[in-house]
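To find a chain, count down the sequence lines: A is the first, B the second, and so on, and within it residues start at 1.
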Protein chains: 2
Amino acid sequence: MALTDGEGLVSVAFALDRRQPVSEQVYEVLRQAIIRVQLPPGTPISENSLCRQFKVSRTPVRAAILRLSEEGLVDVYPQQGSFVSAIKLSDVRDSHFVRRSLELALLREVAGRWTPAMSREMRDVIATQADDIRRGDVDAFHRDDERFHQLLAVYAERAGVWGTILAAKTRLTRFIRFSGNAKRLPVVITEHEAIVDALDRGDADAADDALTLHLDRIFVLFEQRPERDRAYFTN
Amino acid sequence: MALTDGEGLVSVAFALDRRQPVSEQVYEVLRQAIIRVQLPPGTPISENSLCRQFKVSRTPVRAAILRLSEEGLVDVYPQQGSFVSAIKLSDVRDSHFVRRSLELALLREVAGRWTPAMSREMRDVIATQADDIRRGDVDAFHRDDERFHQLLAVYAERAGVWGTILAAKTRLTRFIRFSGNAKRLPVVITEHEAIVDALDRGDADAADDALTLHLDRIFVLFEQRPERDRAYFTN
DNA sequence: CCTAGTATGCTTGTATTCAAGTGGCAAATG
DNA sequence: CATTTGCCACTTGAATACAAGCATACTAGG
């Protein structure tokens, strides 16, 4: 939860468990805050400020920021400061290309080895997502959404590919959460169902189309993006 | 160049420029040494040992190791040590899948906008690679090889995709350099030429096949891998 | 001889201190 | 009044010091 405080800027409140790696916890908190746009692009990430908030030294904070900078979520300017990176539209476009290419390739392999057990498991996830919407738990919805797409990699017996997809999806998620409309979440349910339906029918081409349609839905956000947020984007 | 020394293990000799970021230089040296298999899988990466060799403190060394661990090149075990990661065959397989899926997708886009200028530039790179072989400069060959494949992303106007491909290619390169045979390098030349030839003819399908053949050549290494190196691999 | 316990040296994780560069602001100078 | 100069607060980078856990070797006791 983002809230302004005496630090003068946006802070992230969190109590961490000192028995577990500190840098890991700081990293996770910051990463989630950035993806959920609680820390909007351009927000200064002062190491000292974070040290005071988390009650830890700079070392683990620096480690966390270093990881975030490699992930492209934070820009570090020596002797000037670190800031939540702007959302580069070209990055969003390229990340979408990566994700779509990989998921379609996975889907082609999954279609050839589709089983009723897979169908059940996927429909289970979809049902959970529907419940997430009813409960209004957006974070849980996105977590289960990742689970759905991850299953594609698992079923294709290429679980390692998911890491690459997730990295791309992370960059996309920030854009979607920023521009997205909660009313659109139910559409995801029907699109997921369309994919599983096609797979159940053994129609690989239809599944291909359904997944493409599902993933390309992000493009409508390119149009709807409000002008007032221009400052948060580049390119 | 890897060489044993008083540290008791394998060391990396290098003189670094203190006017530039130290951690960056340490990272680059270590990364190259690991990819070129000068530091084989399982090699202990002692922070203190590296500090003595580079004549720097632990802080930048730790930063470098942290980056390498995220790249999957180093495994860090708290209170035990850090080691060059084993080459996981499932990782190689998945990385190959990522690379092939993305490069083929890029090629499909490039084929539709192919120009004589692109053809010239690519043939230029190929010529340079042939020269690298004549000079016996394997490192330069691989550097130019990356350039060739990077051009696909550039021509498709999705330069950002290259970063993802490169990450996958890095994992593959370590495997190839370990198992590879220098005699096979000239084959790369003819395969690259076949791709450009097909593009020049405007035959997208042939280009597709040529690139697939080129990338799938790595699978012959799966068979030829000598038994004595088993210890360096897992899965 | 074998086993249990302990001591020691190694490792990484965290904290703290020092160093160097940047940008803004205010005062001095033309 | 405009410009420059020096100071100061702030940033990250690097160096050093401290803490805590693990593995090995050694020792004492059976």
Interatomic distance where [atom1] belongs to [X] and [atom2] belongs to [N] [whole Å]:
{"X": "B:Glu47", "N": "D:dA14", "atom1": "CD", "atom2": "C1'", "result": "14 Å"}
{"X": "A:Arg67", "N": "C:dG13", "atom1": "CZ", "atom2": "C1'", "result": "14 Å"}
{"X": "B:Ile45", "N": "C:dT11", "atom1": "CD1", "atom2": "P", "result": "12 Å"}
{"X": "A:Arg62", "N": "D:dT11", "atom1": "CZ", "atom2": "P", "result": "13 Å"}
{"X": "B:Leu68", "N": "C:dT12", "atom1": "CG", "atom2": "C1'", "result": "16 Å"}
{"X": "B:Arg52", "N": "C:dT11", "atom1": "CZ", "atom2": "C1'", "result": "12 Å"}
{"X": "A:Leu50", "N": "C:dT14", "atom1": "CG", "atom2": "C1'", "result": "16 Å"}
{"X": "A:Leu66", "N": "D:dA14", "atom1": "CG", "atom2": "P", "result": "11 Å"}

Does the side chain of [X] get closer than 4.0 angstrom to OP1 or OP2 of [N] through an N or O atom?
{"X": "B:Asn48", "N": "C:dT11", "result": "yes"}
{"X": "B:Ser46", "N": "C:dC10", "result": "no"}
{"X": "B:Ser23", "N": "D:dG13", "result": "no"}

Check your understanding: How many angstroms lie between CG in A:Leu104 and CZ in A:Arg99, if you round to the nearest 0.5 Å?
Key -> 10.5 Å
Exercise for review: Show the numbers, then the answer: is there a salt bridge (charged side-chain N to carboxylate O under 4.0 Å, His left out) between A:Arg67 and A:Glu24?
Suggested key: CA-CA 10 Å; A:Arg67 291 179 62 179; A:Glu24 178 70 23; 2.8 Å; yes
Point to revise | Touch class at under 4.0 angstrom, heavy-atom based, for B:Ile65 against every strand present | key: nothing
Quick one: are [X] and [Y] in side-chain contact, heavy atoms under 4.5 Å?
{"X": "A:Asn48", "Y": "A:Arg58", "answer": "yes"}
{"X": "B:Val188", "Y": "B:Ile133", "answer": "no"}
{"X": "A:Trp162", "Y": "A:Val154", "answer": "no"}

Restricting both atoms to N or O, compile the protein contacts to nucleotides 15-22 of chain D shorter than 3.5 Å, with distance only.
residue: D:dA15; atom: OP1; partner: B:Arg18; partner atom: NH2; Å: 2.4
residue: D:dA15; atom: OP2; partner: B:Ser57; partner atom: N; Å: 2.9
residue: D:dA15; atom: OP2; partner: B:Ser57; partner atom: OG; Å: 2.8
residue: D:dA15; atom: O5'; partner: B:Ser57; partner atom: OG; Å: 3.4
residue: D:dA15; atom: N7; partner: B:Thr59; partner atom: OG1; Å: 2.6

Review point. Do A:Ser85 and A:Arg174 meet the criterion of a side-chain donor-acceptor pair at a distance under 3.5 Å?
Key: yes
Check your understanding: Angle class for the A:His192/A:Phe148 ring planes (parallel below 30°, perpendicular above 60°, tilted otherwise)?
Key -> parallel
